[in-house]
Amino acid sequence: MSTIAPSSTRTAPAVTWDVDDGIATVVLDLKSQPVNVISRAVKDEFLACFAALGDDARVRAVAFFSGKADNFIAGADIEEFVKLGSAAEAERLAADGQEMLEGVARFPKPIAVGIHGACLGGGFEFALACHYRVATDHPKTQIGLPEVQLGILPAAGGCQRLPRLVGARAGLDMILAGKTERAAKAFRLGMVDELVPPAILAEITLAAARRMAGGWRPRRKRPGGFVGFLLDGNPLGRRLVFRMARKQVLERTAGNYPAPPAALEAVAYGLRHGMAEGLRREAQLFGQLAVTDVSRKLVQIFFATNQLKKDPGVANAPPAVRVHRLGIIGSGFMGSGIAGTAVAQAEVDVRMKDADLGRVAQGTLAARAILDDRLKRRRITKYEYARLVALLSGSDTYAGFGRAELTIEAVFEDLAVKQEVLREVAQVLPQDGVFASNTSTIPITRIAEAAHDPERVIGMHFFSPVAKMPLLEVIPGARTSPQTISTAVAFGRRLGKTVIVVQDSPGFWVNRILAPYPNEVGHLLAEGASIEDIDSMAVRFGFPVGQVTLLDEVGLDVAVKVAGVMQEAYGDHIIPAPGSGLAALVKAGRLGRKSGRGFYIYKGGKKRGVDESVYGLLGVHPNGGPRPAEILQRLLLGMVNEAARALGEGVVRNPRDGDIGAIFGFGFPPFRGGPLRYADDLGAERVVADLERLAERHGVRFTPCEVLQEHARQGTKFYS
Ligand code: 3HC
Ligand code: NAI
C-alpha cells in the first residue's frame with residue numbers, strides 16, 4: 001500500500017493506494033472523522049497521490065473509492081469556509097480546488113469512481129471530473145450539489161461540468177435548488193454511468209477502469225430525449241430554459257438569498273464563454289458569496305442542527321429504549337400523520353386505536369397516503385411500499401399495545417379525555433413503556449397526574465403536517481425520567497425530525513414566541529393596516545408566508561384556542577386588541593383554508609384574494625394604517641422580546657435550540673439565523689430602545705423584558 005505523508009494535524013494518511021495488474025485502487029478515508037471531506041490537507045494528499053500515479057509506469061488506469069462504510073465524500077470542508085477572511089481568499093480557495101479537479105479531469109490515465117453513500121458538493125464535483133461513475137443503488141447513496149443551501153455555489157467546477165453532462169435544464173434544476181438525489185434518479189438523469197448493488201461496486205468499478213485502460217471510452221447520450229434536445233441542444237431553447245430558471249429563482253428567493261442567482265450566472269457564463277472562463281467566474285462568485293452574512297448564518301444553522309443530532313436532550317442521559325412497536329391513540333389528523341411518518345421513516349410496527357373502526361380505517365388510509373406519496377415520487381419501490389403498508393394496523397381496542405415501547409396519544413385537546421386514555425392504556429402497556437402526549441396546550445405535568453408512573457409520561461409536540469414539518473418539541477413533565485426523555489428524543493430523530501427539548505410551560509417554545517405575532521395583527525388591523533400590507537411585509541422579511549396567511553393555514557378555530565391559552569398564561573403582556581377579533585370570524589364559519597374562507601378566499605385548494613368582508617366582520621377599516629416599516633418592526637420585536645423572555649425563563653436550554661425551533665417550527669427566515677441571533681445582529685441596546693419607544697406609543701405589551709435589558713446594559717449578546 002502506498003501513502004503520502006499526512007499533514008501535521010493528522011496522524012494517519014487519508015489517501016492510500018495499491019497497484020495491481022495495471023490498475024491503481026485509491027481509497028480516501030479520513031480516519032479521525034466520521035465522513036470524508038476535502039480540506040486543504042486532503043487536497044495536498046490528492047495532488048501528491050495523482051502526481052505519483054501519473055509517474056508510475058505500472059499504472060494504466062485508476063479506480064477510486066471511499067474507505068467509509070456509508071459515506072463517499074460529503075464535500076469541501078465547511079469548517080474551512082468559516083475561517084475565510086476575505087472574498088479574495090475564498091476565491092483563491094475555490095480556484096485551488098478547481099485546479100486540482102482540472103488535473104483530475106485531464107489526468108492522462110482514466111479514472112473510474114465507485115460511489116457509495118453521500119456524494120455531495122465538492123465530493124460530487126470530484127466524481128464529475130473523473131471519467132466514469134459507478135454508484136450503488138443503496139438508499140444511503142445520495143448525490144448532489146447542496147451548496148446553495150449553505151449560501152454558496154458549487155465552485156469546484158460543478159456549475160460547469162454538471163450542465164455539460166446532463167443538460168442545462170436538469171443541471172440548473174439540481175444546482176439552483178441545492179438538490180440531492182437518490183442514486184436511481186441520479187442514474188436516470190445521467191449523473192452517474194452505472195447503478196449496481198453495493199456488493200459488486202468494487203468489481204464493476206475496477207472492470208470499468210480496466211476497460212478504459214484498454215482504450216474503451218464511455219459514450220453518453222444526453223438524457224431527456226427530443227424535448228431535452230429542443231431545450232438544451234440549441235441556443236433558442238437554452239435561452240428559454242434560462243429565462244424560466246431566472247423567474248423561478250426570483251420567486252423562490254424573493255431577493256433574500258444571493259446564491260441561486262449567482263449560481264445561475266456561473267452556469268450561464270460558462271456555457272456562453274467556455275469552460276475556463278466559466279471556472280473563473282464561478283470562483284469569483286464563490287468568493288463573494290462565502291463571506292456574506294447570509295452564508296455565515298446558513299453555515300451556523302448547518303452546524304447547530306448537526307450538534308442537535310447528537311444531543312440526547314438531557315445531561316448524563318441513560319441510553320434510549322429502542323422503539324420497535326409504536327402505539328398511537330387517536331387516528332385523526334395528527335395521529336395518522338405520526339403513524340405514516342413513523343412507518344416511512346423509522347420502519348416501526350404501528351398500532352393505531354380510535355373510538356370506532358370507521359375512524360381507524362380513515363386514519364390508516366391517511367397514514368398510508370404518506371407512503372403513497374413516497375411511492376409516487378419514487379422514494380420507495382413497490383416492494384418497499386408493500387412491506388411498509390403491512391406495518392400499519394389498528395383497532396378500536398388496545399390490543400397490540402402491550403408490546404409498544406412508546407405510545408403517542410393524539411386525541412382531542414381535552415385534559416379529561418387525555419387523562420382517560422392514559423389510564424386506559426396504562427393497564428396494557430409494558431412495564432417500561434413510555435406514554436407521550438401530542439398536546440399543543442395542556443401541561444404535561446397535568447396529564448401525568450393520571451399516571452401511576454409519571455416518570456414515563458412526556459410531551460412530543462409535532463407540527464402539522466407531520467410528514468413535512470421538520471421540528472419536534474419534546475417536553476418533559478415535572479417527574480419525567482431522563483431515560484423517557486432520551487427515548488422520546490431518539491425516536492423523534494429516527495422520524496427525521498430536528499428535536500428540541502422544551503420546558504413544560506404554556507405554548508412550550510414555538511407557540512409561546514409566536515403568540516405576540518398574531519396578537520399584533522389584531523392591533524394593526526384595528527389601526528387600519530390592510531391584510532395585504534401585513535402579509536407582504538413578513539414575506540419581504542423572509543418568512544415563507546405572511547402572518548395572516550399563516551393564521552388561515554393553521555385554522556382560525558385552532559388559533560383562537562391557542563390564543564386563549566396564551567392570554568390566560570401571559571395576559572400581563574400579551575394583550576389583545578379590543579373587539580371580538582378572530583372569534584367573530586370563527587363564529588361566521590370562516591376557519592381558514594380548511595373551510596374555503598378565512599382572511600382569504602380559497603377555491604379548488606388555491607388561495608384567491610383577500611375576503612374584503614372580513615374587515616366588516618372584525619369592525620375595522622383599512623385606511624393606510626401604520627407605515628410598512630412600523631408594521632414589520634412591531635411584528636418582529638414582539639416576537640424577539642417574547643423569545644428573549646422565554647429563554648430567560650429556561651423554556652429552551654440555550655439560544656441555539658431557540659433559534660432552530662423558530663426556523664424549523666414556523667419558518668423564521670434561516671438567513672437571519674433565528675430571532676435571538678437577529679436580536680444579536682441588531683444589538684440589544686437598539687432592540688431595547690425600539691421596544692421602549694413602541695411601549696410608550698402602544699402600551700406595556702412592548703415593554704422590553706429583563707433579559708434584553710440586561711444584555712443592553714452589559715453590552716452582551718445571546719451568542720457570545
Ligand atoms: N464539511 C465539514 N464537516 C462536515 C461536512 C462538510 N462538508 N459534512 C459533514 N460534516 C461533519 C458534520 O459537521 C459532523 O461533524 P461532528 O460529528 O463534529 O458534529 C460529521 O461530519 C457527521 O455529519 P452528520 O452528523 O451530518 O452525519 P450524517 O450521516 O447524518 O450526514 C451528510 C452525512 C449527509 C454528508 C451530512 O453531513 C451533510 O449533508 N453534509 C454536508 C454536505 C454539504 O453541504 N456539502 C457541500 C459542502 S460545500 C462544497 O462542497 C463547496 C464546493 O462546491 C467547493
Ligand atoms: P382530530 O380531531 O383530527 O383527531 C383526534 C382523534 O382522536 C379523532 O379521530 C378522535 O376520534 C380520536 N379520539 C378522541 N377520543 C378518543 C379516545 N378516547 N380514544 C381513542 N381515540 C379518540 O385532532 P388532531 O388535529 O389530530 O389533534 C389531536 C391532538 O394533536 C390534539 O391534542 C391537538 O391539540 C394536537 N395537535 C394538533 C395540531 C394540529 O395542527 N391539528 C398540531 C399539534 C398538536
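Every number for a ligand or one of its atoms is a count from 1 in the order of the listing.
- Nearest heavy-atom pair across Arg133 and Leu128 is NH1-O, 3.3 Å.
- In this structure, the side chains of Ile408 and Ser437 stay at 4.5 Å or more apart for every pair of heavy atoms.
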Any protein N/O atoms within less than 3.5 Å of an N/O atom in ligand 1? List the atom names and distances, or say none.
residue	atom	partner	partner atom	Å
ligand 1	1 (N)	Ala76	O	3.4
ligand 1	1 (N)	Ile78	N	2.8
ligand 1	7 (N)	Ala74	O	3.2
ligand 1	7 (N)	Ala76	O	2.9
ligand 1	13 (O)	Asn306	ND2	3.1
ligand 1	17 (O)	Lys310	NZ	3.1
ligand 1	19 (O)	Lys310	NZ	2.3
ligand 1	25 (O)	Asn306	OD1	3.3
ligand 1	26 (O)	Asn306	OD1	2.8
ligand 1	26 (O)	Lys309	NZ	2.7
ligand 1	30 (O)	Lys309	NZ	3.0
ligand 1	45 (N)	Ala74	O	2.9
ligand 1	50 (O)	Ala76	N	2.8
ligand 1	50 (O)	Gly122	N	2.7
ligand 1	53 (O)	Glu125	OE1	2.7
ligand 1	53 (O)	Glu147	OE2	2.5
ligand 1	53 (O)	Ala155	N	3.1

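- Classification of the Tyr398-Phe401 ring pair by plane angle, with boundaries at 30° and 60°, yields perpendicular.
- Scanning the protein for heavy atoms near atom 4 (O) of ligand 2, the closest one is Gly332 CA, 3.3 Å.
- Contacts of Met334 with ligand 2, taken as heavy-atom pairs under 4.0 Å, involve both backbone and side chain.
- Considering backbone and side-chain atoms alike, Thr439 places every N or O at 3.5 Å or more from each N or O of ligand 2.
- When only non-hydrogen protein atoms are considered, atom 19 (N) of ligand 2 lies nearest to Lys353 NZ, 3.6 Å.
- Of all the atoms in ligand 2, the ones that sit under 4.0 Å from a non-hydrogen atom of Ala355 are 20 (C), 21 (N).
- Distances from atom 18 (N) of ligand 2 to the heavy atoms of Val421, Asn511, Asn438, Val562 put Val421 nearest.
- For the pair Asn438 and His461, the minimum side-chain heavy-atom distance is below 4.5 Å.
- A distance of 12.5 Å separates CG in Leu551 from CG in Leu591, rounded to the nearest 0.5 Å.
- At a heavy-atom distance under 4.0 Å, no atom of Glu420 approaches ligand 2.
- Atom CD of Gln345 sits in a crowded spot, with more than 12 heavy atoms from other residues, nucleotides or ligands closer than 6.0 Å.
- Glu409 does not count as a contact of ligand 2, since none of its heavy atoms falls under 4.0 Å from the ligand.
- Residue contacts with ligand 2 for Thr441 are absent, since no atom lies close enough (heavy atoms, distance under 4.0 Å).
- Nearest non-hydrogen protein atom to atom 40 (O) of ligand 2 is Ser464 OG, 3.3 Å.
- Those atoms of ligand 2 with a heavy atom of His461 less than 4.0 angstrom away are 43 (C), 44 (C).
- Side chains of Ser464 and Met469 form no contact here, defined as non-hydrogen atoms less than 4.5 Å apart.
- Residue contacts with ligand 2: Phe412 is included, with a non-hydrogen atom under 4.0 Å away.
- Under the 4.5 Å side-chain criterion, counting only non-hydrogen atoms from C-beta, Arg161 is in contact with Met275.
- Ranking protein heavy atoms by distance to atom 43 (C) of ligand 2, first place goes to Phe462 O, 3.2 Å.
- Checking Thr136 against Thr141 by side-chain atom types alone, a donor-acceptor pair falls below 3.5 Å.
- Looking only at side-chain heavy atoms (C-beta outward), Leu279 and Gln160 come within less than 4.5 Å of each other.
- Distance from atom 1 (P) of ligand 2 to its nearest protein heavy atom, with residue and atom name: Phe333 N, 4.0 Å.
- Remark: distances from the non-hydrogen atoms of Lys418 to ligand 2 include one below 4.0 Å.
- Counting heavy atoms from C-beta outward, Asp657 and Leu308 have side chains that approach closer than 4.5 Å.
- Look at Lys83 and Glu80 and you find no salt bridge, because none of the NZ, NE, NH1 or NH2 atoms lies under 4.0 Å from a carboxylate O.
- No side-chain N or O of Gln362 forms a donor-acceptor pair with one of Arg359 less than 3.5 Å apart.
- At a heavy-atom distance under 4.0 Å, only side-chain atoms of Ile329, from C-beta outward, approach ligand 2.
- Interface atoms of ligand 2 facing Val417, defined by a heavy-atom separation under 4.0 Å, are 15 (N).
- For atom 23 (O) of ligand 2, no protein non-hydrogen atom is found at a distance below 4.0 Å.
- Taking any N or O of Tyr398, backbone or side chain, none lies under 3.5 Å from an N or O belonging to ligand 2.
- Taking atom 29 (C) of ligand 2 as the reference point, the nearest protein heavy-atom neighbour is Val411 O, 3.3 Å.
- A centroid separation of 6.0 Å or more is found between the aromatic rings of Tyr517 and Phe666.
- For the side chain to side chain contact (heavy atoms under 4.5 Å, CB included) test, residues two or more places apart in sequence or in another chain that qualify with Gln307 are Arg656.
- Nearest non-hydrogen protein atom to atom 5 (C) of ligand 2 is Ala410 O, 3.5 Å.
- Between Phe64 and Phe72, the ring-plane angle classifies as perpendicular under the 30° and 60° cut-offs.
- Protein heavy atom nearest atom 33 (C) of ligand 2, with residue, atom name and distance: Glu413 OE1, 3.7 Å.
- Side-chain atoms of Ser331 and Asp354 include a donor-acceptor pair closer than 3.5 Å.
- The closest heavy-atom contact to atom 9 (O) of ligand 2, among the options Asp354, Asp396, Ile328, comes from Asp354.
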